[in-house]
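All remarks here apply to the structure that follows.
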Amino acid sequence: MSEEFITGVKYALTICAALAAMLNLLVLAVFVRTRSLRMKHYGFLINLTLADLFYAVMAIAYTWAESEVVFVIFFSGYFVGVWTILAEAINRYLAVSLWTRQASYHALVSKSRLLVVCVFIWVVSFAVEILPAFLANADVYAVIEGVVKPAVVFLFWLITAVLYVIVFRKIRPVHAAFESTSPLQPSEEQARLRMSQIQLLLVTFSLILVTSFVCWMPFSVIQLVQFLHGDLKNLEAAYWMSGTVYCLAPLINPCIYWLRLAGFREGFRKLFCGCLTQEPSPILEAEHSTLDGDL
């Protein structure tokens, strides 16, 4: 395809990335300024927002700079989003498995440990990109970028999807038990609201997982094709088109937060409109009363 077409795709990618950056900055502003959202319940959501912001900003930089250094920095955040979604799946699995032992869950998944996990995800993600780039020879690095990384990303998505299915199966009988019991005692009602919290965030991250898979896999496929058949016609155009589709994920994720999380909507309205438009929901009140403290 012509250079004019590729340039047009680059402009489309830049527009998507710029919008994604602005939306994720708004999301971070809401989380930072809304005390009720600064809790470990949303820790991995905040980490994913940082990853989306990083990707959007670096996508713009690499699109127009295309230097080796910018490329290495850009792709250093490649795994952050995937591993964050996996980490949240493990977190939800622990929350459901330790459902009857809430004290044990909160002791195991403490704020400090959650922060360590988030930092660890970033450090490892940077390491798996930077170390091969500087230590491996060109042929080995090409195999890592073209074969190993796409395969690993697909494997982690598969593991994450299986984990979410397992958690949904574990949560179903608990939720059904609450629905079949009426009226509920105060302690049982509080437990039901906690389960609703878990289910709400589980569905939210499931939507994010599906969105990420749809938006990111074309780029991974193009990486593999580029390694196996680097001389194919129009491969460069396909590369930039897949990059544009990739940018849709950090653009869509803030919309998912708005649609799924009442606490985020209320925090946004309070921050930018100066008032709450409705009374807090029972689930929000349960979040404030059962989840321990700020991040």
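- A pairwise comparison of heavy atoms in A21 and A56 identifies N-CB, 3.8 Å as the closest pair.
- Atom CG of L155 and atom CG of L86 lie 10.0 Å apart (nearest 0.5 Å).
- In this structure, I90 is not a member of the same hydrophobic cluster as V116, with clusters built from ILVMFWY side-chain heavy atoms closer than 4.5 Å.
- If you look at F219 and F75, their ring centroids are closer than 6.0 Å.
- Proximity of T160 to F205: side-chain heavy atoms (C-beta onward) are nowhere separated by under 4.5 Å.
- Annotation: side-chain contact (heavy atoms from CB on, under 4.5 Å) contacts of D139 (sequence neighbours excluded): N137.
- Contact record, P132 with A127: CD-O, 3.6 Å, taken as the closest heavy-atom pair.
- A donor-acceptor pair is defined here as one N or O able to donate and one able to accept, closer than 3.5 Å; such a pair exists between the side chain of T244 and the backbone of W240.
- Linking Ile, Leu, Val, Met, Phe, Trp and Tyr whenever their side-chain heavy atoms come within less than 4.5 Å leaves V119 and L108 in two separate clusters.
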Before giving the answer on side-chain contact (heavy atoms from CB on, under 4.5 Å), spell out for F264 and R269 the whole-Å C-alpha distance, their side-chain angles and the decisive distance to 0.1 Å.
-> CA-CA 9 Å; F264 176 77; R269 289 169 180 143; over 6 Å; no

Could you walk me through whether N24 and T49 pass side chain to side chain donor-acceptor pair (under 3.5 Å), step by step?
-> CA-CA 6 Å; N24 282 283; T49 301; 4.5 Å; no

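- Hydrophobic clustering (ILVMFWY, side-chain heavy atoms < 4.5 Å, transitive): F156 and V165 are in distinct clusters.
- Scanning all heavy atoms of the two residues, the minimum distance from V153 to S220 falls at CG1-OG, 4.4 Å.
- With hydrophobic clusters built from ILVMFWY side chains whose heavy atoms lie under 4.5 angstrom apart, V124 shares a cluster with F44.
- Summarising the geometry of C16 relative to L251, their closest heavy-atom pair is O-CD1, 4.3 Å, with the distance given to 0.1 Å.
- In plain terms, the two heavy atoms of A249 and S212 that are nearest each other are CB-CA, 4.4 Å.
- Side-chain N or O atoms of N253 include none that pairs as donor or acceptor with a backbone N or O of D52 at under 3.5 Å.
- Counting only distance, with no hydrogens or angles, the side chain of T204 and the backbone of R260 share no donor-acceptor pair below 3.5 Å.
- The main-chain N or O of Y239 is found under 3.5 Å from a side-chain atom of S242 such that the two form a donor-acceptor pair.
- You'll find the side chain of E88 reaches within 4.5 Å of the side chain of L201, heavy atoms only.
- Side chain of R33 to main chain of G267: no donor-acceptor pair is present (N/O by atom type, distance under 3.5 Å, no hydrogens or angles).
- Using a 4.5 Å cut-off on side-chain heavy atoms (C-beta onward), P254 and L26 make no contact.
- For Y93, the ring-ring contact (aromatic ring centres under 6.0 Å, His included) test picks out no residue, with sequence neighbours left out.
- Chaining together hydrophobic side chains whose heavy atoms lie under 4.5 Å apart places L131 alongside L135.
- Residues E129 and F71 form a side-chain contact, since some pair of their non-hydrogen atoms from C-beta on lies under 4.5 Å apart.
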Show the numbers, then the answer: is there a side-chain contact (heavy atoms from CB on, under 4.5 Å) between I208 and Y257?
-> CA-CA 9 Å; I208 292 170; Y257 307 155; 3.6 Å; yes

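- Between V80 and Y55, the closest side-chain pair of non-hydrogen atoms is not below 4.5 Å.
- The CD1 atom of I252 sits 11.0 Å away from the CG atom of L207 when rounded to the nearest 0.5 Å.
- For CZ of F154, the number of neighbouring non-hydrogen atoms (other residues, nucleotides, ligands) closer than 6.0 Å is 12 at most.
- Annotation: the span from I60 atom CD1 to K10 atom NZ amounts to 14.0 Å, rounded to 0.5 Å.
- Atom CG of L28 and atom CG of L23 lie 11.5 Å apart (nearest 0.5 Å).
- Annotation: F74 is not in aromatic contact with F54 [ring centroid separation under 6.0 Å not met].
- Considering W216, F213, Y62 as possible partners of Y246, the one that fulfils the ring pair (Phe, Tyr, Trp, His ring centres under 6.0 Å) test is W216.
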Criterion side-chain contact (heavy atoms from CB on, under 4.5 Å) on F268 and T34, from CA distance to verdict = CA-CA 8 Å; F268 182 90; T34 308; over 6 Å; no

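- Looking only at side-chain heavy atoms (C-beta outward), Q226 and E145 stay at 4.5 Å or farther from each other.
- By the 4.5 Å heavy-atom criterion applied to side chains, T84 and L50 are not counted as neighbours.
- With hydrogens and angles disregarded, a donor-acceptor distance shorter than 3.5 Å links the side chain of R265 to the backbone of W258.
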May I have the step-by-step check of side-chain contact (heavy atoms from CB on, under 4.5 Å) for W122 and S76, ending in yes or no?
-> CA-CA 8 Å; W122 282 91; S76 294; over 6 Å; no

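- V27 and V32 are members of different hydrophobic clusters when ILVMFWY side chains are connected at heavy-atom separations under 4.5 Å.
- For the atom pair SG (C118) and CH2 (W83), the distance works out to 13.5 Å, reported to the nearest 0.5 Å.
- With a 6.0 Å radius and a threshold of 12 heavy atoms from other residues, nucleotides or ligands, F120 has its CZ atom at or below the threshold.
- To the nearest 0.5 Å, the span separating OG1 on T14 from CH2 on W64 amounts to 5.0 Å.
- Salt-bridge check for K270 with E266: failed, with every basic side-chain N at 4.0 Å or more from each acidic carboxylate O.
- The two residues G243 and L13 have their closest heavy-atom pair at C-CD1, 3.6 Å.
- Proximity of P250 to L53: side-chain heavy atoms (C-beta onward) are nowhere separated by under 4.5 Å.
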